[in-house]
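Bear in mind the structure is a predicted one, so any value in this text is a computation, not a measurement.
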Amino acid sequence: RAHHITIDANLADCLFRRGRSNPIMKILERTGAVVTLAAPGSAEISGLNLDVRRAETILQGCLALPEHAGQVVIGSKGAMVKSITQETGARIDVRGDVALIGGSPTHVSRARARVEELIRDFRTDSVRPPIGRLRQAIGAGGVGGQTLKQAQALFPDVAFRVEHGRIVVRGNSRRVQEAVEELHRML
């Protein structure tokens, strides 16, 4: 028996993207249901009633993320995802450009709202440390110097990453601006 469900167009793109491992499709396959793209923004789920309900629950807990936003949802050393999990009671698993949110419908709804709030105002910026301060800022081999570790402690809700001698900062627009200003003060 087939069941139709309307899904976000970005999520449909993530679900049915070809050429790479797709964790959502693997999870859906485990339910025993078959999920096909019926039309843009619409998926058709077929199978036994219980399998269809399980697959529908999984799809309702899926959220497509902008590129690199997964780092922000996870947070520094997992701090943000832990915070959202404790606050909402939902389980959150970030796989590339998709957040998988599990739990009761209330927990999923609350967690989804928090994740959407995080990514709504998503921004990326970067700071290039002065040559003389490079080792202090990013450490040997870019694994995290004193400045980077201090910034991570001050801004656990912001993702920091060393790329090509720069400290790349990703997160909520306001918090990224504050983190960049603090990095400039530190350097």
Side-chain angles (χ1 to χ4, degrees), residues 7-15 17 20-24 60-103 106-131 133-187:
I7 57 175
D8 175 78
N10 290 331
L11 180 57
D13 180 50
C14 291
L15 280 171
R17 189 172 295 145
R20 64 175 203 156
S21 172
N22 189 322
I24 298 171
Q60 289 170 345
C62 294
L63 182 62
L65 303 173
E67 187 176 9
H68 301 296
Q71 294 172 333
V72 174
V73 175
I74 294 169
S76 180
K77 299 181 183 176
M80 183 53 65
V81 78
K82 287 176 192 171
S83 171
I84 296 171
T85 297
Q86 290 173 348
E87 178 185 322
T88 65
R91 294 177 316 281
I92 301 172
D93 186 14
V94 177
R95 304 279 179 111
D97 56 359
V98 177
L100 303 170
I101 305 169
T106 302
H107 293 158
V108 168
S109 175
R110 288 175 34 205
R112 186 180 178 99
R114 279 288 285 124
V115 171
E116 286 173 339
E117 177 184 324
L118 273 175
I119 64 174
R120 183 176 310 122
D121 197 21
F122 179 75
R123 173 180 165 203
T124 299
D125 203 344
S126 66
V127 175
R128 182 175 295 281
I131 296 295
R133 311 279 310 244
L134 196 58
R135 189 175 180 100
Q136 174 194 343
I138 64 174
V143 294
Q146 180 182 357
T147 305
L148 182 58
K149 288 178 182 176
Q150 288 173 344
Q152 288 171 329
L154 289 171
F155 299 94
D157 56 332
V158 173
F160 295 88
R161 185 180 179 113
V162 176
E163 295 177 7
H164 309 292
R166 300 181 76 83
I167 299 174
V168 178
V169 186
R170 295 182 174 109
N172 170 277
S173 185
R174 180 182 55 81
R175 295 293 285 164
V176 165
Q177 182 62 38
E178 292 170 0
V180 166
E181 289 171 5
E182 185 62 30
L183 282 168
H184 282 293
R185 277 192 288 279
M186 292 175 172
L187 297 170

Between [atom1] on residue [X] and [atom2] on residue [Y], distance to nearest 0.5 Å:
X      : Y      : atom1 : atom2 : answer
Met186 : Ile167 : CE    : CD1   : 9.0 Å
Arg110 : His107 : CZ    : NE2   : 5.5 Å
Arg112 : Leu63  : CZ    : CG    : 4.5 Å
Phe160 : Thr147 : CZ    : OG1   : 11.0 Å
Leu183 : Leu148 : CG    : CG    : 7.5 Å
Glu116 : Arg120 : CD    : CZ    : 7.0 Å

The criterion is salt bridge (charged side-chain N to carboxylate O under 4.0 Å, His left out); which residues satisfy it with [X], sequence neighbours excluded?
X      : answer
Arg123 : Asp125
Arg161 : Glu163
Glu117 : Arg114
Arg175 : Asp157, Glu178

Taking all non-hydrogen atoms of both residues into account, name the closest pair between [X] and [Y] and its distance.
X      : Y      : result
Val73  : Ile119 : CG2-CG2, 4.2 Å
Gly165 : Pro129 : O-CD, 3.4 Å
Cys62  : Leu100 : SG-CD2, 3.5 Å
Ala90  : Thr85  : O-CG2, 3.1 Å

**Prompt:** What residues form a side-chain contact (heavy atoms from CB on, under 4.5 Å) with Ala159, not counting sequence neighbours?
**Reply:**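 By the side-chain contact (heavy atoms from CB on, under 4.5 Å) rule, Ala159 matches Gln71, Val72, Arg170.
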
**Request:** Using side-chain contact (heavy atoms from CB on, under 4.5 Å) as the criterion, list what pairs up with Arg166, not counting sequence neighbours.
**Result:**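 Partners of Arg166 under the side-chain contact (heavy atoms from CB on, under 4.5 Å) test: Ser126, Arg128.
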
**Prompt:** Crowded around Arg91 CZ? As in, over 12 foreign heavy atoms under 6.0 Å?
**Reply:**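 No, because the 6.0 Å sphere around CZ of Arg91 holds 12 heavy atoms or fewer from other groups.
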
**side chain to side chain contact (heavy atoms under 4.5 Å, CB included) assessment of Thr124 paired with Val168** = CA-CA 7 Å; Thr124 299; Val168 178; 3.8 Å; yes

**Side-chain heavy-atom pair Val169, Phe155 within 4.5 angstrom cut-off** =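 Result no, sub-4.5 Å side-chain heavy-atom pair not found.
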
**Request:** Measure the shortest side-chain to side-chain distance between Ile84 and Leu118 over non-hydrogen atoms and say whether it is less than 4.5 angstrom.
**Result:**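 Sidechains of Leu118 and Ile84: in contact.
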
